[in-house]
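Take a look at the structure below.
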Amino acid sequence: MQEKFKINYVKAKDEKDIVYIGAILNDKMIGHLTYKIKEDSAWLYFVGVDRDYRHLKDEQVGSNLMRIFENDCVKHRLWCLEGKFWPKGEEGDVVRRFYNRNGYEIEREDYDLIVYKTSPQMTDLPFEVEDIPYEIFDKMFEAYNQKDQENELE
């Protein structure tokens, strides 16, 4: 039986009120989600999990990031969540399945593909989400992006 990894989840907000959630394993970011809540709407900018950790089905890193986002939206009494769908090559099908598994619809709006979910539900999370200063999050995020750029060059 595969050993479960101890993944910590952190949350930070920048000066523009954009919220960042990170999945951290051994002090290294392995996934992240970015969103913004305005008065009566939520916009999901991006969600991603490092390729090396997408196979961790028991940990559900991407889905946990989405649950944290959705719980925050429910706390703000937002019932329709939206974001832009960014398919990338053959990964587009993987991304589409991820959103569908998490209860999101994908629809064309003008020239863009939009993901959305209506009536998100509050989820009991089996972990805590730690609030951290944005500067600390940004340093971890920078290292995450550096690894991602190195993978693209290979």
Side-chain angles (χ1 to χ4, degrees), residues 2 4-14 16-25 28-132 134 137-138 140-142 144-145 147-149 151-152:
Q2 180 182 348
K4 283 191 88 165
F5 291 88
K6 175 63 175 128
I7 298 170
N8 297 310
Y9 292 89
V10 297
K11 184 174 170 183
K13 188 185 288 191
D14 70 10
K16 296 178 183 175
D17 289 332
I18 296 174
V19 181
Y20 301 83
I21 304 169
I24 311 298
L25 177 64
K28 182 176 103 176
M29 186 173 294
I30 63 168
H32 65 95
L33 183 144
T34 308
Y35 66 99
K36 185 167 187 173
I37 292 180
K38 293 187 178 182
E39 293 170 20
D40 60 351
S41 64
W43 186 261
L44 173 63
Y45 290 112
F46 190 82
V47 60
V49 176
D50 185 308
R51 289 179 194 271
D52 294 341
Y53 298 95
R54 290 181 188 168
H55 70 281
L56 302 178
K57 301 297 181 203
D58 290 342
E59 285 76 6
Q60 298 182 342
V61 176
S63 293
N64 282 337
L65 293 168
M66 296 295 276
R67 288 180 190 111
I68 297 166
F69 161 62
E70 290 175 16
N71 281 357
D72 199 20
C73 292
V74 171
K75 287 177 190 172
H76 284 86
R77 297 182 177 273
L78 301 175
W79 309 113
C80 186
L81 319 177
E82 296 181 298
K84 188 168 179 182
F85 178 66
W86 297 91
K88 196 173 168 184
E90 77 265 359
E91 279 197 7
D93 288 337
V94 173
V95 174
R96 183 178 301 274
R97 284 193 307 270
F98 169 77
Y99 279 117
N100 290 153
R101 247 190 349 265
N102 283 283
Y104 285 74
E105 301 290 329
I106 300 171
E107 185 175 283
R108 182 166 296 284
E109 184 176 290
D110 296 324
Y111 296 103
D112 293 325
L113 288 174
I114 303 296
V115 299
Y116 68 93
K117 183 175 189 175
T118 55
S119 302
Q121 301 295 312
M122 184 66 80
T123 304
D124 289 332
L125 302 173
F127 52 81
E128 295 293 321
V129 180
E130 179 186 358
D131 287 315
I132 63 172
Y134 174 72
F137 186 96
D138 194 43
M140 288 188 287
F141 187 64
E142 192 175 302
Y144 175 91
N145 279 332
K147 181 178 187 271
D148 204 32
Q149 290 171 357
N151 285 341
E152 285 182 11

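All values reported here derive from a predicted model rather than from experimental measurement. Positions are given from 1 along the sequence.
Here Lys28 does not pair with Asp50 in a salt bridge; the nearest charged N to carboxylate O distance is not below 4.0 Å.
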Test log, rule side-chain contact (heavy atoms from CB on, under 4.5 Å), inputs Asn64 and Phe127: CA-CA 10 Å; Asn64 282 337; Phe127 52 81; 3.6 Å; yes

Test log, rule side-chain hydrogen bond (donor to acceptor under 3.5 Å, both in side chains), inputs Asn100 and Arg97: CA-CA 5 Å; Asn100 290 153; Arg97 284 193 307 270; over 6 Å; no

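Closest non-hydrogen pair, Tyr116 versus Glu82, comes out as CB-CG, 4.1 Å. What you find for Asp40 and Leu78 is that their closest heavy atoms are C-CD2, 3.3 Å. In this structure, Gly103 and Lys117 approach most closely via the heavy-atom pair O-CG, 3.6 Å. Closest approach of Met29 to Gly22, counting heavy atoms only: CE-CA, 4.4 Å. Heavy atoms only, all atoms of each residue included: Ala12 and Phe137 are closest at CB-CB, 3.8 Å.
Within the 3.5 Å criterion, the main-chain N or O of Trp43 finds no donor-acceptor partner in the side chain of Lys38. Judged by distance alone, with hydrogens and angles left aside, the side-chain atoms of Gln121 form a donor-acceptor pair with the main-chain N or O of Ser119 at under 3.5 Å. Side-chain atoms of Lys36 come within 3.5 Å of backbone N or O of Lys16 as a donor-acceptor pair.
For the pair Ile68/Leu33, no side-chain contact is recorded, criterion being any heavy-atom separation below 4.5 Å from C-beta on. You'll find the side chain of Tyr104 reaches within 4.5 Å of the side chain of Met66, heavy atoms only. Val19 places none of its side-chain heavy atoms less than 4.5 Å from the side chain of Ile37. Taking the side chain as every heavy atom from C-beta outward, Phe98 and Val49 never approach each other to under 4.5 Å. Side-chain contact between Ile24 and Glu130 is absent, with no heavy-atom pair separated by less than 4.5 Å. Residues Leu65 and Phe69 have side chains not in contact (no heavy-atom distance under 4.5 Å, counting atoms from C-beta outward). Residues Leu81 and Tyr35 are not in side-chain contact: their nearest non-hydrogen atoms beyond the backbone lie 4.5 Å or more apart.
Here CE of Met140 is found 3.5 Å from CD1 of Ile132. Values are rounded to the nearest 0.5 Å. Here the CG atom belonging to Asp14 is positioned 5.0 Å from the OH atom belonging to Tyr134, to the nearest 0.5 angstrom. Taken from CD1 in Ile114 to CD in Glu107, the straight-line distance is 9.0 Å, to the nearest 0.5 Å.
Remark: Lys13 NZ is loosely packed, at most 12 non-hydrogen atoms of other residues, nucleotides or ligands lying under 6.0 Å away.
Classification of the Phe85-Tyr99 ring pair by plane angle, with boundaries at 30° and 60°, yields perpendicular. The aromatic rings of His32 and Phe141 sit perpendicular, their planes meeting at an angle over 60°, well past the 30° parallel limit.
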